[in-house]
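Here the structure is laid out as C-alpha cells; the discussion comes afterwards.
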Amino acid sequence: MNIVVCIKQVPDSDKVTIDRETNRLNRAGVPSIINPFDENALEMALRLKDLHGGKVTVLSMGPPQAEEALRTALSLGADEAILVSDRKFGGADTWATSYTLTLALKKIEEPIDLILFGKQAIDGDTAQVGPGVAHFYGVPMITYAKSCEVIDSGFKIQQVTDHGYNVWEVEKPAALTVVKEANELRMPSLKKKLAAKKAVIPTWGYEDLNPEDEKIGLSGSPTKVHKVFAPPVKLNKEILSGEPAEMVKELIYKLREKKVI
Amino acid sequence: MSTKKEIWVYAEQENGHLAGTVFELLSEGRKLAEKSGFTLCAVLASANGKPMHQELFNYGAKKIYNVEDPKLETYQNDYFAKVIDTLIKAEEPEIILYGASTIGRSLAPTVAVMGWAGLTADCTELDFDTERNILLQTRPAFGGNIMATIICPDHRPQMATVRSNVFKKEKVGEVETGEVIDVTVDISGVRERMKRIESVVEEVNTVDLKAAEFIVSGGRGVGSPENFDKIEALANILGGAVGASRATVDAGWISHHHQVGQTGKTVCPLIYIACGISGAIQHLAGMQSADLIIAINKDSDAPIFDVADFGLVGCLHDIVPEFTRQIAALRA
Amino acid sequence: MSEINYGLTEEQKEVRDMLDEFGRERILPVRAELDEKGIFPTDLLNELAQMDMMGLYIDEAYGGMEMGHLGFCVAVETLSKYCIGLSVSFAANALGADPIIIGGSEEQKKKYLSPLASGEKWAAFGLTEPNAGSDAGGIATTAVKKGDKYILNGTKQWITNGGEADTYTILAVTNKSKGARGVSCFIVEKDTPGFTFGKKEDKLGIRASATRELIFQDCEVPAENLIAREGMGFLLAMKTFDISRPGIAAQGVGLAQGALDMAVDYARVRHQFGKPIIANQGLQWMLADMAMKVETARAITYAACNTIDAGTKDVSKISAMCKCYAGDIAMSVTTDAVQVLGGYGFMKEYPAEKMMRDAKILQIYEGTNQIQRDVIGAALIKEYASKAK
C-alpha cells in the first residue's frame, strides 16, 4: 500500500509571543516542529504500513528549512520524503497550497492508495488544505479520522463528529484528515535517525511541477491579510493578592455585588 | 463582478435537525446585511426542508434556497458539495457563512476549491467595509498569539467559517413568512465513493462545556492529575463544568473532552475561572468571550491576567479549596 | 547553555538527545507509579528496543550499534536522569552480555548477542549468592559435567532482571578444590527445565527493577554453553566488572544530574522572605558543590569509557574509581536535593525522596564502594611496586 502523508513545518505556537508595542510576533528562537496533528497522520500511516506493508512518503510544501521536518519524519519511519519549495510558491493561501500540493501528488509515479493530513495546522488552524487537495486530486475525503482499517472495498474510517462519531466506508484511493486521538506517537529510531541525517531529499520546484502561473503563490490566493493586531487587553480589571481566605472573601463579595453568583 | 447582493448562511442540518450554529450565523448575518444592504438568505439542503423553514425565518432569513433530495438526509461531502457549488454558480452570492463544525469544515473548503473562492476559517469577528464592499474577516492566528483580518478582494463568493458560541443567537421573533426558492440540483450523476454505515451520538461523561454557565479550568499549575480533584470540587459546588488547558491534556492529566482553546472547544460561560493557566493565547482564543473571567495564578505577570476581570495572585492549591469552602458556606 | 566538551561524537549526542526526549515523554509520566507499585518497565524497554537502543554496546557484526562504552554510558546516564529503576534494567542487559562479549565463541556471540542487540531478548548476570557477594570466591552453585551436559544446582540471589531476562550468564563451581580458579561461566536460557525464579524482591529503591532469586535444581545445560574454558569464570566475572562499572557510574552521574536540575529549578521559583531562595548565598554554595560533584563524576566516568574503548588492557582502577566516586556523589547530591526542597523534598509528591532512596544502591551493587576502594588500593600497591623495581 502506498501512503502519502502531507506535513507542514510550523513554529511551536506555545512558544510564540507577541510584542505588545510593535504588534509583531517574536519568532526569533522559536523552534520549528512538525505540525502536531500531522504527526498523528504520519503515525497512522506507519501503523498501516506495519500491518499491511507498503511505502510511506512524506510530502511538505514550504521554505528550504522545512527539510528538517521531513528528516524527522524519516527518522520516525517514513520511507521517502519530498520537499515542494520554490520562491514562486511563496505567499500561498490554502487554495494555492492545495493546488500546488496536488501537482506534486500527481508527479509521484507509483499509484497512491491513501493521502493523509493532520486535521489542521496549529499556525493557521484553517483545516482547509486536506479537503482542497482531495478535490483537486479527485479522491473522496473524510475529515477528522480517528481510525482507518483496510477492507476489501477500500477503507473503513471512524470519524469524530461534534457529538460522537460516524463510521464510513470509502473507496480507494482516499484522503483523510487525522485527529490527535487517533494514536500515540512512536519514538524515532536511532538507525533511521542517523540515516535520515544523510538522506538526500529531492526538492520539487516551479520547473518540476509546471503549474499555471495564476494559480500559485500570491496570485493564486483569493484571501489576503488585511491587517494583524494584538488580541485586545481587558481594562478595568481588579487584581487581588494576599491571604487566600481574604482574597476569596473579597472576590465573592464583588461577584455577589454583580449578582453573578 | 456582477454578483447577486446576497449573504448566505449555510443551514447545516442532519436528519431534519438544524445545527445551533445556524442561528448564531443568521443573527450575525443580519448585522452584516444591514450594513451592506445585502439580502440575508439561508441555504438548506436536506431530504425534507419545509419543517425547518419557519425557524430560519424567525432568526432573520429573508429568503431560503431550498434543495431537497432523499440523499441529503445526512451529510455526505460529495453530494452536499455538488449542491452548494451548483447553487453558487447559478446565483453568485457575495458572502457565504458556514459553521466551523465537522460538516462545515469539510464542505466549505471543498466548495472553495470547486470554484475559486476565498475561505477564512474560524472567524471571531465579521464586519463589512462599505467603501470597498468587502467582508472583513477577523480570526486568531499562530495559535491565537495574534489576530489577523483577512479579506478576499478579487474572488467571489467571500466565504467564512465560524465556530459555535462565538456569536450570540438573537431571534427576530415569530416572523410570518419569507420567500422560499425551491431549487432542483441533480445529484444522481455523483458517484457514491463513500458511504456512512453508522452514526453514534456519545454522551461524553457529562462534559458539556458549551452549555455550562460556570467553567472552572485547570492548567499546568494544577501539577498532577490527582490535583484536578480541587478543580472539580469547585466546579461541582458552582454547578459548572471542568475545563483544561492544552498542556494538561497533552500531559495526559485529563481527557481531551475538557480542552478549551484554539485546538479544543470554544466556550462562552457566565463565569470562567482559570486556575494555574498561564494564558497561552491558544487557550485565550477559546474562552475570551466569557462574560466574566477570573484568573488564579501565582505568577502576577501571567498573560491570563490581561483578559481577566478579576485576578487572584497566589497558589491555586490554597485558593481553590478556599473558594470551594466559602461558596459551600454561602450555600449552606 | 555552555556545554563542556567531552568529545562526544554526533551519534553519541544523538543518543543523548533522543533519550532525553524519551525520558520527558515516556518515563516522567510513569516513574512515580512504577516506583510505588514496583512495576517492571516492560513497555519502556520494548520501546527502547524499537529505538535501536538495546544494542548500543554490541558490535555491528552482531546487529548492534557499536557505539562503544561511551555511547552506552551516555545512554545509561541520560535514562538515569529520569529513573534508575529503568536504567538498571536497561544496563543489566549489557552486564549479562559482557561475559559472552569478553570470552564467548563466535557461535555463542552470533546466537546470543544478535537477539540482545535487537531487544528481542533480555539478559542478566548471575553471580551473587546468599554466601557469595563481594567475595565471589565463595560461590556454592555447582555445575557437574555429565556427557555433553552440565548439571547445575544452587541458588543465585538478588539478580537484576531475574525472571524478566531470557539469557542468563551464570557462575558455578566446576572444581571445588581449585577455589576461585574452579569457577566457570555458563549461558543458561530461560525455560530450561530445572531453572526457576523466586519472588520479586521488595526494595528500598530502584523499585521498578526486577530483583529475584534464580533457582537451579538439576538444571541441564548443554556443554556448548560453557563460556571460554572451565575455570575461567572468576576471571570473566572480574573482567566483566571492569567494563560494567562505568555503567553504574553513569547511573550515578545521571541520577545526580536529575537531582541537581530539580533542586535548581525549585530554588529559582520557591520564594521565602520575599525573594527566591536561590538568591541566598548559602544555598548557591550548596548547589555549586552539587554541580561540581556531578561534573567531576561525569568527567571520570567518560574518561573510564574512553580508556576501555581505546582497548586498554587493565582498566580495574579507573573503573573502580568512577563507580565508587559517582555512587558516593549520587548519594550526597540526592540527599542535598531533598534538603533544598525542604518539606517538599520529604514528600512523595516530589521525586526528590525517590532519587535519594534510589541512590543508595549505587554504593552497594556491582561491588560495594568499600570493595571498589580495595580494588583501587590493590592497584596502587601493584603500580608502585612495579615502579620501585
Side-chain angles (χ1 to χ4, degrees), chain A residues 11 13-14 16-18 25 94-95 98 122-128 131-132 134-136 140-144 159-171 180-181 222-231 233-234 237-241 244-245 247-249 251-252 254 258 260-261, chain B residues 77-78 101-102 105-106 109-110 112-114 116-122 136 141-155 193-202 256 262-263 270-271 280-282 284 292 305-314 318-319 322-323 326 330:
Chain A
S13 68
D14 274 358
V16 178
T17 53
I18 186 159
L25 291 172
T94 55
W95 198 100
S98 303
I122 59 164
D123 55 349
D125 284 308
T126 67
Q128 291 167 3
H135 177 74
F136 280 137
M141 154 64 63
I142 307 282
T143 50
Y144 301 93
Q159 175 191 45
V160 177
T161 64
D162 301 315
H163 309 288
Y165 65 91
N166 292 328
V167 181
W168 294 86
E169 284 180 3
V170 59
E171 68 176 34
K180 189 182 173 68
E181 303 91 281
T223 59
K224 317 278 177 214
V225 177
H226 179 58
K227 64 168 180 178
V228 292
F229 57 99
V233 174
K234 231 172 220 181
K237 60 184 172 217
E238 286 194 58
I239 303 294
L240 313 173
S241 60
M247 274 194 280
V248 171
K249 203 169 159 189
L251 174 68
I252 290 179
K254 299 211 152 125
K258 283 178 177 276
V260 287
I261 56 167
Chain B
N77 205 48
D78 290 347
S101 59
T102 306
R105 282 172 152 232
S106 301
T110 309
V113 294
M114 287 171 90
W116 195 340
L119 172 61
T120 307
D122 294 358
L136 301 173
F142 284 99
N145 287 288
I146 200 160
M147 305 298 287
T149 302
I150 310 290
I151 54 171
C152 176
D154 307 317
H155 293 256
R193 301 185 294 181
M194 54 185 136
K195 196 169 162 183
R196 189 155 104 181
I197 55 171
E198 203 185 340
S199 183
V200 178
V201 174
E202 272 177 334
H256 67 91
Q262 182 77 6
T263 48
L270 283 177
I271 300 185
I281 307 194
Q282 109 91 17
L284 304 188
L292 195 135
F305 289 117
D306 289 346
V307 301
D309 298 278
F310 291 102
L312 276 63
V313 182
D318 301 329
I319 296 173
E322 182 61 34
F323 203 167
Q326 292 197 23
L330 210 63

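Lettering follows sequence order; numbering is per chain, from 1. This structure is a prediction, so every number in the text was calculated from the model and none was measured.
- For chain B, the option among A:A134, A:S241, A:P222, A:G164 with the highest count of heavy-atom pairs below 4.5 Å is A:P222.
- With chain A as the partner, the residue from B:K195, B:M194, B:R193, B:Q326 showing the most heavy-atom pairs under 4.5 Å is B:R193.
- Here the CD atom belonging to A:E169 is positioned 4.0 Å from the CD1 atom belonging to B:I197, to the nearest 0.5 angstrom.
- Heavy-atom pairs under 4.5 Å with chain A peak, among B:D78, B:L270, B:I271, at B:I271.
- Top candidate by heavy-atom pairs under 4.5 Å with chain A, chosen from B:A148, B:A112, B:G311, is B:G311.
- Side-chain contact between A:P131 and B:S106 is absent, with no heavy-atom pair separated by less than 4.5 Å.
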### Query
Could you walk me through whether B:L119 and A:W95 pass the side-chain contact (heavy atoms from CB on, under 4.5 Å) check?
CA-CA 8 Å; B:L119 172 61; A:W95 198 100; over 6 Å; no
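- Within the 4.5 angstrom heavy-atom criterion, atoms from both the backbone and the side chain of A:Y165 approach chain B.
- The most heavy-atom pairs under 4.5 Å with chain B, out of A:V160, A:V225, A:V260, A:L251, come from A:L251.
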### Message
Determine whether B:T120 and A:T223 satisfy the following criterion, side chain to side chain donor-acceptor pair (under 3.5 Å), listing intermediate values before the conclusion.
### Response
CA-CA 8 Å; B:T120 307; A:T223 59; 5.5 Å; no
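- The OG1 atom of B:T149 lies 16.0 Å from the NZ atom of A:K224; values are rounded to the nearest 0.5 Å.
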### Task
Give the C-alpha distance, both sets of side-chain angles, the deciding distance and a yes or no for side-chain contact (heavy atoms from CB on, under 4.5 Å) between A:H226 and B:L136.
CA-CA 8 Å; A:H226 179 58; B:L136 301 173; 4.1 Å; yes
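- Most heavy-atom pairs under 4.5 Å with chain A: of the set B:V200, B:D122, B:T110, this distinction falls to B:V200.
- Proximity to chain A involves both the backbone and the side chain of B:D318, based on heavy atoms less than 4.5 angstrom apart.
- Between A:K227 atom NZ and B:I150 atom CD1 the span is 12.0 Å, to the nearest 0.5 Å.
- Distance check: A:T143 OG1 to B:R105 CZ gives 9.5 Å after rounding to the nearest 0.5 Å.
- With a 4.5 Å cut-off on side-chain heavy atoms, A:K180 and B:H256 do not count as touching.
- Atom NZ in A:K254 sits 12.5 Å away from atom CG in B:D309 (nearest 0.5 Å).
- Distance alone, capped at 3.5 Å, is enough to place a donor-acceptor pair between the A:K237 side chain and the B:F305 backbone.
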### Task
Let me see the working for B:V313 and A:I239 under side-chain contact (heavy atoms from CB on, under 4.5 Å), right down to the final yes or no.
CA-CA 7 Å; B:V313 182; A:I239 303 294; 3.6 Å; yes
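- For the residue pair B:T102 and A:T161, no side-chain donor N or O sits within less than 3.5 Å of a side-chain acceptor on the partner.
- Interface remark: A:K249 contributes backbone and side-chain atoms alike to the contact with chain B (heavy atom separation under 4.5 Å).
- With chain B as partner, the option from A:I252, A:T94, A:N166, A:V170 having the largest number of non-hydrogen pairs under 4.5 angstrom is A:N166.
- Across B:I319 and A:P244, no two heavy atoms sit closer than the pair CG1-CB, 4.0 Å.
- Atom-to-atom distance recorded for B:R196:CZ and A:Q159:CD is 8.0 Å, nearest 0.5 angstrom.
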